[in-house]
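Heads up, the thing below is written out as structure tokens.
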Amino acid sequence: MAEIELRGITKIFDKKVRAVNDVSLTIADEEFMVLLGPSGCGKTTLMRMIAGLEYPEAGRVVIGDRDVTDLPPRKRDISMVFQSYAVFPHLTVFDNIAFGLKMQKVNKAEIRRRTEEAAGLVQLSPYLDRYSAQLSGGQRQRVAVARAIVMEPSVLLMDEPLSNLDALLRLNFRAELKRLVADLKTTTIYVTHDQIEAMSLGDRIAVMREGQIVQCGTPMEVYEHPATEFVGGFLGSPPMNFLRVRLETVDGQPRAMLGDHGLPAPATLVDHGSRDVLLGIRAENIEAIPLEGGAAHDGLVSQTLVVELLGSQMLVTGEIGDQQIKVLVRADAPIRAGDALLLRPEADKLRWFDAESGRSIAGSATG
Amino acid sequence: MSTVSQQPDSDDGFRSPRQARGRRHMLGRAGLYVLATILALWVLFPIYLITITAFSPRDVVREYPKRVIPDEFSIDSMDFFVNSTGVLPSLWNSVLVAVITLILSTVIGAPAGYALARFVFRGRDPYRLIILSTRAFPIVILSIPLAVTFLSWGIYDSIWAVALMHTALAMPFTVLITSSIFVSVPHDLEEAALTLGCTPLQAFLRVVMPLALPGLAAASIFTFVLSWNEVFAAVILTLQERTLPAQVLATLTSSPPHFRFAAAWFMLAPSLIFIFLIRRYLLGLWGRVSR
């Protein structure tokens with residue numbers, strides 16, 4: 001039970017590669033923080049520095065009230081679940097889970113009680129006498145989790161714990177993990193490259209790219225108001241649509257023009273300076289209407305390229321000029337490849353980004 | 001073949017590049033097997049002759065032509081050899097020297113192997129190469145100065161002198177084999193132990209060692225065999241306290257043929273058995289070095 005504070009953490013590999021670059025982040029007590037990013041963004045390295053398995057070139061790691069930067073892992077009151085699970089092959093499930101308690105010289109009865117309790121939490125009770133080689137991948141995963149939570153650490157670290165499981169198992173275990181961690185109330189840091197995992201598990205998500213945190217916020221904040229084009233594109237499936245539009249003033253009103261068609265743009269955008277901006281809109285926030293003859297004003301016209309049925313919904317890929325746009329519509333919508341569509345994005349879901357830097361344009365959010 | 005077929009058929013003389021490559025591959029493999037068979041015979045046939053002669057009655061030794069399939073079995077020669085003067089004490093010396101060598105080389109070499117396996121340090125690859133190249137240094141040149149040094153230390157003509165020499169000889173293998181063993185123990189396991197309250201030493205003893213133990217056992221058997229078979233240094237560095245190979249060599253010229261065969265077999269058998277047991281780890285060793 002502790003707050004974690006990272007102050008200006010930098011990790012440099014081989015004297016030149018900045019794996020983590022001046023990262024500062026505060027994780028509240030009992031919070032579930034997800035570090036999300038593509039592979040190589042430094043998220044695992046950042047976690048390993050919190051665990052004490054890597055030493056930062058600069059910056060401090062504070063857990064609770066203690067500066068633990070110079071302490072070895074065993075003195076940090078943390079537990080870690082490894083991506084490979086790292087279940088000791090020469091020990092039984094029981095001895096794996098009890099390993100940390102034995103190191104702490106907890107008395108035997110207590111070890112037995114706590115180990116059995118932890119095993120029960122992850123449904124491993126029938127397997128306590130088995131060895132790692134006799135377990136399935138999902139069971140090994142459970143051993144790794146039980147081994148970490150049995151320590152009752154201040155901080156629970158999980159490095160892509162679900163990435164080696166198959167899809168169905170992952171879905172089940174995700175929900176189980178969420179319940180488990182919510183019950184334990186342990187401050188948790190969870191590393192993943194899977195945006196769905198991040199959205200579903202995290203109290204907050206820190207999106208990382210190239211060794212830095214690009215945005216940190218609740219899943220809804222990050223999803224709805226991405227700070228950069230990268231975040232909008234990384235979260236969500238399909239990723240956020242980005243359209244390059246041109247700002248013009250029509251009848252005294254600012255409009256974002258795409259070819260002959262346009263959408264109303266917020267007045268604040270005009271102050272931004274550049275006339276070329278990126279319009280971000282999520283696929284599920286666009287209404288698609290089959291275009292019948294008449295000219296359309298408030299909306300964009302697209303030519304449908306591909307229609308993919310996803311089961312509950314249908315994903316329509318269209319083209320506006322030379323730019324692609326993806327729209328999610330009802331599965332039974334009467335749309336076929338080649339159809340012309342009038343697309344009407346929900347006005348309060350429009351997001352505006354600087355075309356050069358990809359950064360969200362401040363004050364432009366209308367929602 | 002009356003039906004029209006547009007597809008090239010392997011029967012009609014047309015060969016696709018893949019088939020041509022396949023055929024060449026087959027030829028290459030066949031050649032390899034022939035060579036391997038010749039090499040194996042080259043090594044195995046003398047071993048076979050030694051074995052049957054060692055276990056035949058003593059008068060068979062001088063027989064010519066040799067019988068390929070023996071018709072009599074006898075342990076007279078072996079019995080005679082084992083009970084000859086000096087054989088049992090030298091056998092005991094050999095065992096002692098081998099055990100000391102094994103302990104010393106493991107205690108000194110395994111940490112080096114661990115360092116090579118786990119840590120990235122400047123000059124790691126040259127270090128690996130230098131370790132191996134010490135093997136190329138001729139013992140002949142090394143032995144005389146060593147004999148002088150050991151004389152001044154007062155350990156000349158003792159099992160310690162031979163054991164020290166053998167430790168030096170075994171060191172490259174110990175370091176490289178143990179390093180390949182430690183590499184095969186996932187680093188994650190060690191790190192998991194660190195996060196679970198272990199000091200680095202505890203993590204090594206509680207997690208790495210139990211997992212490395214079978215491999216380490218194999219490596220130590222290899223060291224044992226190396227020491228068991230080594231004769232040159234043993235002869236140079238001892239006069240009375242001879243190891244078995246040195247004893248055999250010293251008495252070879254003055255002993256009857258069946259004694260020689262029995263001695264040869266006695267020296268040969270343990271090595272063969274041990275090398276057979278650990279060959280998997282040896283392959284692993286060379287795989288790593290050539291990388």
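Here is the naming used below: chain letters follow the sequence lines, and residue numbers restart at 1 for every chain. For clarity, every value in this text was computed on a predicted model and none was experimentally measured. Worth knowing before you read on, the calculation uses all heavy atoms, side chains too, and leaves out hydrogens, waters and symmetry mates.
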What's the spacing between Gln104(A) CD and Leu196(B) CG if we round to 0.5 Å?
9.0 Å
Separation of Gln202(B) CD from Arg74(A) CZ (nearest 0.5 Å)
7.0 Å
Do other residues, nucleotides or ligands put more than 12 heavy atoms under 6.0 Å from Trp160(B) CH2?
no
How far does CG of Asp77(A) sit from OG1 of Thr195(B), to the nearest 0.5 angstrom?
12.0 Å
When the 4.5 angstrom heavy-atom criterion is applied to Glu190(B) and chain A, the contacting part is neither
Engaged part of Arg147(A) at the chain B interface, taking heavy atoms whose separation is under 4.5 Å:
both
If you round to the nearest 0.5 Å, how far is CD of Glu191(B) from OG of Ser84(A)?
9.0 Å
In terms of heavy-atom contacts, does CG of Asp14(A) have more than 12 from other residues, nucleotides or ligands at under 6.0 Å?
no
Between Leu189(B) and Val87(A), which heavy-atom pair has the shortest distance, and what is it?
CD2-O, 3.5 Å
Do the side chains of Met103(A) and Arg206(B) get nearer than 4.5 Å, heavy atoms only?
yes
Structural part of Phe82(A) lying under 4.5 Å from a heavy atom of chain B
side chain
Should we say atom CZ of Phe121(B) is surrounded by more than 12 heavy atoms from elsewhere, each under 6.0 Å from it?
yes
For residues Pro89(A) and Leu211(B), report the shortest heavy-atom separation together with the two atoms involved.
CG-CD2, 3.5 Å
